[in-house]
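Source: prediction; values computed, not measured. For ligands, and for the atoms within them, numbers begin at 1 and follow the listed sequence.
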Amino acid sequence: MTLAHVLGYPRIGADRELKRAVEAYWRGELDRDALEASARELRARHWQAQRDAGLDLVTVGDFAFYDQVLNVSAMVGAVPTRFAAEAEVARGEVDLDTQFRMARGRAPSGAPAAACEMTKYFDTNYHYLVPELHAGQTFKLAATRLFDEVAEARGAGHPVKVVLTGPLTWLWLGKGREAGFDRLSLLPALLPVYGEILARLAEQGVEWVQLDEPALVQDLPLEWRNAYEFAYSSLRAAPVKLLLATYFGGLGDNLRLAASLPVDGLHIDTVRAPEQLTAVLDNLSGYKVLSVGAIDGRNVWRADLAVLHERLANARMRLGERLWLAPSCSLLHVPVDLAAETTLDEELKSWLAFARQKLDETVTLARLLGNRGTDEDRARVAAATAALDARRASPRLHRPEVAERLAGVGDAERSRDNPYPVRARAQRRALDLPLFPTTTIGSFPQTAGIRAARRAFKSGELGHDAYEAAMRDEIADAVRRQEAYGIDMLVHGEAERNDMVEYFGEQLDGYAFTRNGWVQSYGSRCVKPPVIVGDVARPAPMTVAWSRYAQSLTERPMKGMLTGPVTMLQWSFVRDDQPREVTCRQIALALRDEVADLEAAGIPAIQIDEPALREGLPLRQSEWQSYLDWAVECFRLTASVARDATQIHTHMCYSEFNDIIGAIAALDADVITIETSRSNMELLDAFQDFAYPNEIGPGVYDIHSPNVPEVAWMVQLMEKAAERIPAERLWVNPDCGLKTRSWAEVEPALANMVEAACELRRRY
Ligand code: GLN
Ligand code: ZN
């Protein structure tokens, strides 16, 4: 046989039950027992789904109330002292509320404290809590939930495989603040706790433990590579079998290392890196299991089972029973169940597979490879082949006019007419702005009224005209307020937008939207990424009427507001039948038309947001340049249609710039606004060192905090900025959009911001 398993299953539940339970618990509406009961119920359901599908092992340890990396931090007793949990750690029972405080600063019990940093897990949109590390840190087995979950699964009669983030990836994901501190120095202290965990699992009768080590698909310094040998030689003493799991890419120069570690099995991702299969087969010792991740755990498309069957036949021949089959990575990154999609058309539905469907795909492929295929399996293969043939031939995918237009793009379309200094003169004449001009990033508070109107509109209670009128009132209100505060370049406020990607996707051809396709983003937060199905085109202007209306209300310049092509790509499920960059260019051309139409409607400045530009960076540095080349090209394709006098802005948040500053400059936006207030303008160093030539608005108002920034505070931040960038090229603005804030907070903050700009004008 060929064993079928998954690296992990979504834990939120098909109906986001976990989100609801956890949030109710935080609000005090659900007690601890009820919370635990609903978690147990979800785990039982998810294990049962794996068994019902025919998997040979169910995976335990993928459940988390907040985050699986945080689970490990609690388990090894890595709780920062500000959470005052020493007694809990000593007892070996870090409380759930302590974990919640680490994750979000507060919980129903325990004193609030600053939450741990959260950041994206490799190149996914899933956020984990960064382990806080320091020199001389000690570790201790300090949470036992995992063992309880194993007992639960075994109690239900399931054959169990346990998953845990591996020790090196856990350290790799961690951070220490002290200068000269080396995370690796903690490995010898950490390993005994892992050893203890493995021994306890063995006592519970667990045979296999999957240790996730995706750090192995990144560029590792030599000491880290050596540490893998050291760590796994030490863990081999544990009385369980270890499956070392790698995913999100190829092993590359770590291939021999990964293949030779003293473990019982290796999992590789053959969706992202199909070419590595042969090399791994050639390097794997004769006793090891190879788990092949052949079903895409990062995307929603149905697998081509016939092709995979054929491709893996050789591996099966070489490995026999030592071949295992799985999705490429945990199914955490895809929505739960396609069956819940009641509004998607049947054709599109037949092309897709969510987590539940991927279980079936995995089982069928494994049974076929193990020569145990049933009639049902053969029927599934036939259905997949038919659906994929239909998809390939579908006119929904290919629009000849889109391909033709792309083919005809030349250098002229990728550059503005004139270089920045020439444009800046034209813009100065057109806009007539003061020194240190003030602006905002786009959105204003999404009030309860706005959200209620949108809900009523979507449910049909509120008619189209009434909804538009309500949004126009919001825009008029936002314009009036900005004029009252004295802002120089206005925005319309984005009242009509639910989400910066969905809003545009809904108006573009080629995009599809699920009803229930939720994916965990962090903690209880889920996102519902749109699906890019076919060639992207813009049937009609998307934002022009709103922006034109907003401009008609004021003499001051109005800034149009678009989401950029890279962000539109990055925050969607993309087509797997053409390179990402081709899809991105199509989006860029669609947005280019919007820029042209905004300009023609008399909008003097247009902002193209690209907050996701940095997160699109590949996991391997050697691939950065080619990504940045096409990402920059796409932005320029969108922006370059603008005349000299039309000012192009861009905005990026949560970004570091030092290693990509060349690409940022190559965007050639006239103005870039960035998030800097919390870094004390240090992010500007990269711009200074590079002699960044265009204008910059370093955020002076931290919109993530409810606090109202003081005038003097903002003035001194801008003075720091002016030490790095000439004052004539500086703007004064918040860090990011204001949609999550209330007017009560925004009003005094923006009034202060304008006053700070006035003070700066007096000083410069
Ligand atoms: N224009 C968007 C807003 O203001 C930008 C959002 C973002 O950068 N994430 O909300
Ligand atoms: Zn932002």
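Judged by distance alone, the side chain of R614 and the main-chain N or O of E656 form a donor-acceptor pair under 3.5 Å. Between the T124 side chain and the K120 main chain, no donor and acceptor come within less than 3.5 Å of each other.
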Output, in order, the C-alpha distance, side-chain angles, deciding distance and verdict of side chain to side chain contact (heavy atoms under 4.5 Å, CB included) for E474 and F444.
CA-CA 10 Å; E474 295 292 342; F444 278 126; over 6 Å; no
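When hydrogens are left out, the protein atom nearest atom 3 (C) of ligand 1 is S443 OG, 3.3 Å; that is the closest non-hydrogen contact.
Ring geometry for W630 against Y627 counts as perpendicular: the plane angle is over 60°, on a 0 to 90° scale with 30° as the lower cut. Classified by interplanar angle (parallel below 30°, tilted 30° to 60°, perpendicular above 60°), the ring pair Y692/F687 is perpendicular.
Annotation for ligand 1: atoms under 4.0 Å from non-hydrogen atoms of G442 are 4 (O). Every atom of ligand 1 with a heavy atom of G737 under 4.0 Å away is listed here by number and element: 3 (C), 4 (O), 10 (O). Contact atoms of ligand 1 toward D609: 1 (N), 2 (C), 5 (C) (distance under 4.0 Å to a heavy atom of the residue). Of all atoms in ligand 1, listed by their number and element, those nearer than 4.0 Å to a heavy atom of K739 are 10 (O). Listed by number with element, the atoms of ligand 1 under 4.0 angstrom from any heavy atom of H651 are 8 (O). Those atoms of ligand 1 with a heavy atom of M500 less than 4.0 angstrom away are 6 (C), 7 (C), 9 (N).
Side-chain contact check for R592 versus L589: some heavy-atom pair is nearer than 4.5 Å. Residues E615 and D123 fail the side-chain proximity criterion, which asks for heavy atoms closer than 4.5 Å. Contact check for D609 versus T650: no side-chain heavy atoms found under the 4.5 Å cut-off.
At a heavy-atom distance under 4.0 Å, only side-chain atoms of M561, from C-beta outward, approach ligand 1. Residue-level proximity to ligand 1 for C653 is carried by the side chain, the only part with a heavy atom below 4.0 angstrom.
Remark: ligand 1 and Q607 share no N or O pair separated by less than 3.5 Å (distance only, no angle test).
To the nearest 10 degrees, the angle centred on the Zn ion (ligand 2) between SG in C736 and NE2 in H651 reads 120°.
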